[in-house]
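Below: the structure, in structure tokens.
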Amino acid sequence: MTGPLSELDRPNSYIGRAVPRADAARLLAGRGKYLDDIRLPRMLHAVFVRSPHAHARIKAIDTEAARAMPGVAAVYTGAEIAEHCTPWVGVLSHLAGLRSPPQHSVAVDVARWQGEPVAVVLARSRAEAEDAADLVDVDYEELPPVLDAEAALEPDSPRIHEGYDSNLAWERKVDVGDIDTAFAAPGVTVVERTFRFGRHTGVTLEARGTVCDYDPGEGVLTMHYSGQAPHMLQVILSRHLGMAEENVRVVSGDVGGSFGIKVHTYGDEIACAALSKMLERPVKFVADRQESFLTDIHARDHVVKARMGVDAEGRIVGIDMDDITGIGPYSMYPRTSAIECNQVLNLTGAPYMMENYRARGRVVFQNKTLMCQYRAVGHPIAMAVCDGLLEDVARATGRDPVELRRLNLMPDDGYPRASASGMKLADLSHQKTLEKLVELMDYDALRRDQEEARARGVLRGIGLCSMVEVTNPSPAFYGIGGAPIASQDGATCRLDAGGALHVSSSVTEQGQGTNAILAQIAADRFGVPIERVKVTTGDTATVPYGGGTWASRGAGIGGEAMLLAADALKHQVLEVAAALLQAEAGVLDIRNGTVVDATTGAERIALSDLARTVYYRGNELPPDLKPELIATRHYRVTDFPFVFTNGAMATHVEVDAETGFVKVLGFWVVEDCGTVINPMLVDEQVRGGVVQGIGGALYEECLYDEEGQLLTATMADYLVPMAAEMPDIEVAHVETPTSTSVLGAKGAGEAGTGGAPAALLNAVNDALAPLGASIWQQPMTPERVLRAMGRL
Amino acid sequence: MKAPDFAYARPADLGAALALLAEHGTEAQPLAGGQSLMPMMNFRLAAPEILIDLSDVAELRGLERTRDTVRIGAMTRYRDLEDWPDLGGTLPLVAMALPHIAHDAIRNRGTIGGSIALCDPAAELPAVMRVLAAEIEVAGAEGSRRVAADDFFTGFYETACGEEELIVAIHVPVAEADRVYGFHELAQRHGDYAMAGVALSALSPNPIRSLRAAFFGIAATPVRLPDLEAALEGLTACEAQAAVTAALEGLDLLADTKASADMRRHLSGVVLKRALEAM
Amino acid sequence: MDKTREITLTVNGESVTARVPVRMNLVDFLRNELELTGSHVGCEHGVCGACTLLMDGRTTRACLTLAVQADGAEVVTVEGLAASGRSAALARAFTERNALQCGFCTPGMLASAVTWVEGGGSAERDAIRAHISGNYCRCTGYQSIVDAIADVAGSKAEDAA
């Protein structure tokens, strides 16, 4: 092949390439270092005694029998731990009016969900601690549980918190334009639906856990944890254990999946830190699977009543919606449990042009597991509501849903602009991604297949979703509200004597390939083979200060910081090279680990020679040269609160008319996450996200009985997607780099989960359309589908 | 989720196993493949004082065909059956059912006797054994006896096997040349417990002649309704569907997070129709 | 009655003798007593597949198997698969296809994949999906895992042809 060299042909060009991950070989050999693999001398195992009731007063706790059990070192009640650990309150000032009472790490007087810890046993082994925990005798007085979020708002509902006038935690209203007048205008068709979204949870294969190790000699607490935001946890531990921040070190090793589940403050882990300090011994806690279901945060759980109107030409005139969401008995600390509802209000309708938007969101306390941010926070609700209504209105007005999107999606050349809800949008490509999707899926052929299937009495449906995803958050997400969560991230690049690059970053690796893309960026920008880059993340003692990994910010923010640090180091190295070579820095470049003449490529000095000269033989340097072979840079998003990405996805399903089973026949995604740093990693993250979205749409739900007992606390009852039922997923990209950074990367981690439920809802309803039936509840279980069809 | 402490014995023969059972009574729990027992123990829903591991009991092993019967030793693992070259020819209904049972790794350890003894409402094999008119051989201090599969599954996780008895083997009649066999189950995910399933044999499937059908996953034990079987004589698969739903009216069917009793009744008709149509 | 028992088994080719509490399951024994932490604990009720390993050549849930039941058995964990080279082709394919993200399901997934490939399993995607349907992966969406196993199964079939 001949032709001009592309950007990908230059030496050390890694950005944009499907570079395999360096850590894969280690994980494939069983050499991962996960939390539960840590064992320390004299380590005790903590097992929590958990409330069997959804709502109960703790009248007395008798720990005597438990203390007498073999291997037991200590047993503590919530009240005893509270003497060493202050309670927290999960509110943020920018979510005006949000309220939540103080929450203890271990319940002190009232247990407010089934699974809330009320006491803890510490023993030599987990098994012995469980034996003893069975003997902790807790005298409960059962209180009436408040379970249904809508009923919880009724004036006669029992209250979960004393002194609160209702079970409402937060309410927000948005009112833009004049929705009533717009809907009443002649020629406007209005559709109205009530959407129900089940409770989900993350089911990370590796459960939450911690090993806390307090060293009384230095007064330093080291917390090993499986998590996403080490610096945030450092501040939280310092606050609630009364320690100086510098005396708290948080280390995250290999993390067996997180998806937002592991970015929060759980009483279990904080109590373990307090216990380690109290006992001056290492304390380990790893949630078992039942504890994960009962205490990992849940998500979704929304009831949304929504209307959309279109005019005679098919233009959306507006959306009117009312969202009620149950969050459990407290707002989660420190990110709060109001963010998901807030996102729903911010994101609904964001891909489309419309003048009128009215939304009300209510966040309600209930006696269920706490709800908080989980992958694609609020997105599946916002996208399913808007695109669900859009396809509903398409059916009502006899329009093709693709045509209706073409008409209403924001034009690609119309940015920057704002959504109806006021979100600042830039660098999006809704129209282009839709066209690419239509081509990728061969939309017309699928429609023909659908016709043929219908003729045979087979119900097939096609559903689409055009979406936005919130990524690369600025301080507007948490920082401005007072949360100790850094919105900037830092990166350090250091050239060592051997010519290798050691880099570190405050974003963390959860398996998505953060370390791999950081190495790609550093090697690419600095000019070394990628094998010569070693990456460190996840340790507050060694990495620059920053926010960690959440809200799809690793590549966009952490990656940009790495780019800036690599560029800075290169500049510094070339200054040294220029001095050594008596040349102008501007005529030199670094390629393949060697300083070269920028024009001819002629090798001038190997990086190892340069570095050894600096480190070992400083006497050869000009006396006024003070070389720094290390550079640190930080990056935060300015100008925009978030960097939005966009995408379009579609699915083709078959609904079994006799059983209500939904089979996913095909799934297609066109994603625009700006610059794609590693297409292989991005594609598989998108696919994993889609499968998580399919889970939410078809299988997954945390179900409670009328007493507030979780009925789905095993993996036989809570159904996650498995390989046999999942389709192959075709992924393609449009690349519109964000103008907020040099790298141009936006996040990609949550799109699939955010958009897939909407596409599936639309596809099932498209399949059911010939019957005049439709379904507005997820997960769309076989029984719900059959009932929607009126066949049960 | 660690099992509570227990003692463990691994008797070498049936006599020793039965003696241990007699000695410890209800505090003892026989351990076959453990694929259902171990989760119960890890959840601390079962807490036996002593586990009697049957792995070494020679009398419980073996897979032999005599002229018209296959003797499946109770400790035969699903996988041993799957790998048995004669399975398709002799026990085609068993061959149809096996791939639906959980997953590879579970079938590698789980035993036929364990499944029969547990009598999980959603288990495939109890239904299969009823259709095939198998006999379950149980042994106790008094010697051994054979119980017809139709009489063996007595209630929710309850069987005719006494507390001080062990299942030794299942004696399954080999396929009759003039009969055809069918199987269908509906589970949301491959290997899950079925919301409804059916195993059946007939002289002719569509129209139905001489049907023998057992439904599983819908009630406490596999459901066989001789009146229904008689009523279905001569009906088409389509007609049979409605007859099944009608016949199940008034029966105490299971309801859980996956399906209501109404759903199970409805799906029972569907699985029968589909099993018949696929034959 | 004594609630411990001495067992002797072969783990990754080496003979091991140990006295274990009888209630200790095989995965806890391997992880805590032998410090073979490659086998992971995911659900402890036999559903997720994270603890899947090979016992006497067959995939086995180590959370549903007592250590005492492994007395006399031959156990191969992910560490053994890697050290012996048995999983080398699959490991290459998993890397090239990015068939792992967090890596927590990977040891169990590899054990299932090894039995598929060694048992002459085809490259047919639906068959592979059915075979690994007892191994939960929350990260990848499974497609890349199917790709990787199909690559190895396909090239094995080619070699045989």
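Chain letters run A, B, ... following the sequence lines, proteins first and then strands; every chain starts at 1.
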May I ask you to say whether C/Asp28 pairs ionically with A/Arg126, meaning some side-chain N is under 4.0 Å from a carboxylate O?
no
Give a yes or no on whether a salt bridge exists between C/Glu79 and A/Arg31, defined as a side-chain N under 4.0 angstrom from a carboxylate O.
no
Taking [options] one by one, which has the highest count of heavy-atom pairs under 4.5 Å against chain A?
options	result
C/Glu96, C/Met24, C/Arg31, C/His40	C/Arg31
C/Pro107, C/Gly38, C/Cys43	C/Cys43
C/Ile132, C/Thr106, C/Leu100	C/Leu100
C/Pro21, C/Ser133, C/Gly42	C/Gly42
C/Thr140, C/Thr37, C/Val146	C/Thr140

With a 4.5 angstrom heavy-atom cut-off, is it the side chain or the backbone of [X] that approaches chain A, or both, or neither?
X	value
C/Asp126	neither
C/Asn135	backbone
C/Leu110	side chain

So, for [X] and [Y], which heavy atoms are closest and what is the spacing to 0.1 Å?
X	Y	answer
C/Ala91	A/Leu28	O-CD1, 3.4 Å
A/Gly256	C/Phe104	CA-CB, 4.0 Å
A/Met722	C/Val47	CE-O, 4.4 Å
C/Ala130	A/Ala724	CA-CB, 4.3 Å

What distance do [X] atom [atom1] and [Y] atom [atom2] have between them, rounded to the nearest 0.5 Å?
X	Y	atom1	atom2	value
C/Arg97	A/Met680	CZ	CE	9.5 Å
A/Asn678	C/Asn98	CG	CG	7.5 Å
A/Ile261	C/Arg138	CD1	CZ	8.5 Å
A/Arg39	C/Asn32	CZ	CG	5.5 Å
A/Tyr34	C/Cys102	OH	SG	5.5 Å
C/Glu44	A/Met715	CD	CE	12.5 Å

Would you say A/Glu684 and C/Ile145 make side-chain contact, with heavy atoms under 4.5 Å?
no
Where the side chain of [X] meets the backbone of [Y], is there a donor-acceptor pair that is under 3.5 Å apart?
X	Y	value
A/Arg21	C/Thr95	no
C/Gln143	A/Ile729	yes
C/Arg129	A/Glu725	no
C/Tyr142	A/Val691	no

Heavy-atom cut-off 4.5 Å, strictly under: side chain, backbone, both or neither for [X] against chain C?
X	result
A/Asp37	both
A/Ala207	neither
A/Gln685	both
A/Pro721	both

Could you check which of [options] has the highest count of heavy-atom pairs closer than 4.5 Å to chain C?
options	result
A/Asp683, A/Leu681, A/Val690, A/Val686	A/Leu681
A/Gly257, A/Ala516, A/Gly202	A/Gly202
A/Val19, A/Val255, A/Val203, A/Asp254	A/Val203

Does A/Leu205 form a side chain to side chain contact (heavy atoms under 4.5 Å, CB included) with C/Cys137? I'd like the steps, not just the answer.
CA-CA 7 Å; A/Leu205 188 51; C/Cys137 168; over 6 Å; no
Assess whether atom CD of C/Glu14 is packed by more than 12 heavy atoms of other residues, nucleotides or ligands within 6.0 Å.
no
